[in-house]
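Reading through the structure tokens given below for one structure.
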Amino acid sequence: MKQLFNFFGGMVFVELRGRSPERFFNVCRSRKIPLYDVGSHVTEHGTVYVAKMKLRDYFRIRAIAKKSHCIPYIRKRIGLPFLLKKYRSRVVFFAGGVYCLWLMWLLSRFVWDISVTGGFVHTEEEMLSYLKENSVVCGMRRENVDCTDIERQLRIDYPDIGWVSAELRGTKLFLRIAETDMPPLRKEETAPVHLAATADGIVKSLVCRSGTPVVKVGDVVKKGDILVSGVVSVIGDNETLVNRYSVTADADIVLKTVKEYTYSFSRKIVEKEFTGKVKKGYAFYFGNKKIFSHMPSHSYTNYAIITEGTVLSLHEHFSLPFRMQKTVVSEYIPTMRDYTEEEANSLAKQALERYVSYLEEHRTTVLSVDVTTEVGKDTVYTRGRLELLSAAWEQVPVQEDEWRQQSPDEYSGDDDGSAGGA
């Protein structure tokens, strides 16, 4: 810090010649004029002393030098005052430097780039579109970006995103997401419901928390059968039915089911043979506004378009509002061919593996796979069966006549349906 102050104030290196240098040093000390890096060397003129002092102190030593019969020659000048004097004719250069510093400070007050990472199901384009709908765009002021609110809103609107981080560094907003394989939450019912099977199968486990179990482990059930009833009966002495009331059935049920698997795709494939002929175009953007664009004209019948975008930046966290986009149009000749049997079987196997992974991600255990692939002339077919363990049940509303007891009026013998109930 001391060296920085000395630079702004200016320093001079002096060479002291005269008859009484010792007296010069003593007077400077008595008047509290500091001297730095004092030394001496022998020349043809005798012993010469050198020292470094502040520029403002140099103007105070004239009387001291005259009194001690010494002459302080300036040999070197260091500091901002000398630089300003040297370049005083380049006012425009310094003004431009100051303007650049001010412009960089102004640009640092805005967000000029948004980075989205970690998404698989939800692409970068989808997240950028979502942010735009919520008024989070490039060019907005940094103080208007609420990272906490972005994280909270994303978790609300996308239940399958288990973790999200929004961080503002410099002029760049970093959005990181992590998707989960958690199944969607079942709608929490408050009305009375049964739990019914959604597929044919065998009950492998049943843990009932509310309601009346209708089946037990090992029972074979059909689609639509009630597994846990939402009607609870109150039994009195001698196994007499006293009352019935309805509840919201709740249980953990796992069924062993069999699922038919079918998949087919065309054996024909179109391959692209690029000719090497390309056309290039460029576009420049300031913020979100296009300031220049040149799109190449072409007469290609079959072509592929590849677009690359680059955001200009001074640093990893200091993006500028300038963006360049490069578009390449390449001509190709389409050729038709058939998948070989090895390629067709490999593609069918990959499709089956993706489906099995999808089931396992949704809390379904695949016990066995029995499928066959047939490679036809034009189409590839895969058929078979999968044995699964899953929570194959759904909620079914309880009807009022299932639990309300009907009793005849003891005087008239009429049954008005108003008696009984819980």
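Just the heavy atoms: all of them, side chains too, but no hydrogens, waters or symmetry mates, feed the values below.
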**OP:** Determine the interplanar angle of the Tyr355 and Tyr358 rings, folded into 0 to 90°, and report it as parallel if under 30°, tilted if 30 to 60°, perpendicular if over 60°.
**Re:** parallel
**OP:** Please list, chain by chain and in numerical order, all residues satisfying side-chain hydrogen bond (donor to acceptor under 3.5 Å, both in side chains) with Lys268, sequence neighbours excluded.
**Re:** Asp338
Original post:
Under 4.5 Å between any side-chain heavy atoms of Trp112 and Lys172, yes or no?
Top reply: no
**OP:** Give the C-alpha distance, both sets of side-chain angles, the deciding distance and a yes or no for side-chain contact (heavy atoms from CB on, under 4.5 Å) between Lys280 and Tyr282.
**Re:** CA-CA 7 Å; Lys280 297 181 181 179; Tyr282 299 90; 4.1 Å; yes
Subject >> Counterpart residues, side-chain hydrogen bond (donor to acceptor under 3.5 Å, both in side chains), relative to Thr275 (two or more places apart) >> reply: Glu331
Subject >> Contact summary for Ser229 and Ala249, nearest pair of heavy atoms >> reply: O-CB, 4.1 Å
**OP:** First locate atom OG of Ser205, then atom NZ of Lys216, and finally report the distance between them rounded to the nearest 0.5 Å.
**Re:** 15.0 Å
Subject >> Distance, nearest 0.5 Å, that separates SG of Cys70 from OH of Tyr49 >> reply: 10.0 Å
Tabulate below the donor-acceptor pairs under 3.5 Å that side-chain atoms of residues 141-159 make, not counting sequence neighbours, or state none.
from   : atom 1 : to     : atom 2 : distance (Å)
Arg141 : NE     : Glu143 : OE2    : 2.6
Arg141 : NH2    : Glu143 : OE2    : 3.0
Arg142 : NH1    : Gly170 : O      : 2.2
Asp146 : OD1    : Thr148 : N      : 3.3
Asp146 : OD1    : Asp149 : N      : 3.2
Asp149 : OD1    : Arg152 : NH2    : 2.5
Glu151 : OE2    : Ala166 : N      : 2.9
Gln153 : NE2    : Asp157 : OD1    : 3.4
Gln153 : NE2    : Asp157 : OD2    : 3.2
Asp157 : OD2    : Tyr130 : OH     : 2.6

Subject >> Flag side-chain contact, heavy atom, 4.5 Å: Phe174 against His317 >> reply: yes
Subject >> Contacts of Phe82 that satisfy ring pair (Phe, Tyr, Trp, His ring centres under 6.0 Å) - sequence neighbours left out >> reply: none
Subject >> Nearest atoms (heavy-atom pairs only) where Thr117 meets Ser115 >> reply: CG2-OG, 4.0 Å
Subject >> For Phe7 against Pro81, the heavy-atom pair lying closest together >> reply: O-CD, 4.0 Å
**OP:** Only pairs at least two apart or in different chains count here, so list each side chain to side chain donor-acceptor pair (under 3.5 Å) that has a residue in residues 51-75.
**Re:** Glu15-Arg75, Arg19-His69, Asp37-Lys52, Asp57-Arg60
**OP:** Dump the intermediate steps for side-chain contact (heavy atoms from CB on, under 4.5 Å) on Tyr285 and Ile291, then the final yes or no.
**Re:** CA-CA 5 Å; Tyr285 295 82; Ile291 58 177; 5.9 Å; no
Anything under 3.5 Å between a donor and an acceptor, one on a side chain of residues 250-257, the other on a protein residue two or more places apart or in another chain? List them.
from   : atom 1 : to     : atom 2 : distance (Å)
Asp250 : OD1    : Arg209 : NH2    : 3.2
Asp250 : OD2    : Arg209 : NE     : 3.2
Asp252 : OD1    : Arg209 : NH2    : 3.1
Asp252 : OD2    : Arg209 : NH1    : 2.8

Subject >> Euclidean distance, Thr123 OG1 relative to Leu128 CG, rounded to 0.5 Å >> reply: 8.5 Å
Original post:
Looking at Tyr381, is Arg383 sitting on its ring face, NZ or CZ under 6.0 Å from the six-membered ring centre and within 45 degrees of the normal?
Top reply: yes
Subject >> Close side-chain approach of Thr212 and Val228, heavy atoms under 4.5 Å >> reply: no
**OP:** Without swapping roles, check the side chain of Asn26 against the backbone of Glu22 for a donor-acceptor pair under 3.5 Å.
**Re:** yes
Original post:
Do Leu386 and Val258 have side chains that get closer than 4.5 Å, going by heavy atoms?
Top reply: no
Original post:
Got a sec, which residues hit side-chain hydrogen bond (donor to acceptor under 3.5 Å, both in side chains) with Arg176, two or more places apart in sequence or on another chain?
Top reply: Glu167
Original post:
Rounded to the nearest 0.5 Å, how far apart are OG1 of Thr310 and CE of Met324?
Top reply: 5.0 Å
Original post:
Any chance CZ of Phe110 has more than 12 other-residue heavy atoms, nucleotides or ligands included, within less than 6.0 Å?
Top reply: yes
**OP:** Kindly say whether Ala196 contributes a backbone atom to a donor-acceptor pair with the side chain of His194 at under 3.5 angstrom?
**Re:** no
With a 3.5 Å cut-off and sequence neighbours excluded, list the donor-acceptor pairs that the side chains of residues 96-107 form with protein atoms.
none

Subject >> Heavy-atom closest contact (Thr327 atom, Ile305 atom, distance) >> reply: CG2-CG2, 3.7 Å
Original post:
Hey, are the side chains of Ser108 and Phe318 touching, using non-hydrogen atoms and a 4.5 Å cut-off?
Top reply: yes
Subject >> Check: Ser210 side chain, Thr248 main-chain N or O, donor-acceptor pair, under 3.5 Å >> reply: yes
**OP:** Would you please name every residue forming a side chain to side chain contact (heavy atoms under 4.5 Å, CB included) with Lys349, sequence neighbours left out?
**Re:** Glu353
**OP:** Give the intermediate values and the outcome of side-chain contact (heavy atoms from CB on, under 4.5 Å) for residues Asp225 and Val215.
**Re:** CA-CA 9 Å; Asp225 288 352; Val215 297; over 6 Å; no
Original post:
Would you call Thr365 and Glu360 a side-chain contact if the rule is heavy atoms closer than 4.5 Å?
Top reply: no
**OP:** List the steps and the verdict of ring-ring contact (aromatic ring centres under 6.0 Å, His included) for Phe322 and Phe286.
**Re:** CA-CA 5 Å; Phe322 300 100; Phe286 178 78; 5.3 Å; yes
Subject >> Intermediate values then yes/no, side-chain contact (heavy atoms from CB on, under 4.5 Å), Arg337 and Glu271 >> reply: CA-CA 8 Å; Arg337 75 172 182 89; Glu271 290 189 337; 2.7 Å; yes
**OP:** Can you tell me which residue pairs pass the ring pair (Phe, Tyr, Trp, His ring centres under 6.0 Å) test with a partner in residues 325-349, sequence neighbours excluded?
**Re:** Phe274-Tyr332
Original post:
Residues two or more places apart in sequence or in another chain: which of them pass side chain to side chain contact (heavy atoms under 4.5 Å, CB included) with Lys76?
Top reply: Phe13, Ile78
Original post:
If every non-hydrogen atom of Leu35 is compared with every non-hydrogen atom of Cys28, which pair is closest and at what distance?
Top reply: CD1-CB, 4.3 Å
Original post:
Closest heavy-atom contact between Val278 and Ser330?
Top reply: CG1-OG, 3.4 Å
Original post:
When rounded to the nearest 0.5 angstrom, what is the spacing between NZ in Lys277 and OG in Ser299?
Top reply: 8.0 Å
Would you list the atom pairs, donor with acceptor, under 3.5 Å between side chains in residues 367-378 and any protein atom, with sequence neighbours excluded?
from   : atom 1 : to     : atom 2 : distance (Å)
Ser368 : OG     : Glu387 : OE1    : 3.3
Thr373 : OG1    : Thr382 : OG1    : 3.3

Original post:
Would you say Val38 and Val50 make side-chain contact, with heavy atoms under 4.5 Å?
Top reply: no
Original post:
Going by the angle between their ring planes, with limits at 30° and 60°, are Tyr261 and Tyr263 parallel, tilted or perpendicular?
Top reply: parallel
Subject >> Glu343/Arg267 salt bridge by N-O under 4.0 Å criterion >> reply: no
Original post:
Got Ile61 and Ile33 here, is their nearest side-chain heavy-atom distance under 4.5 Å?
Top reply: yes
Original post:
Atom OG of Ser313 and atom CZ of Arg323: how far apart are they, to the nearest 0.5 Å?
Top reply: 13.5 Å
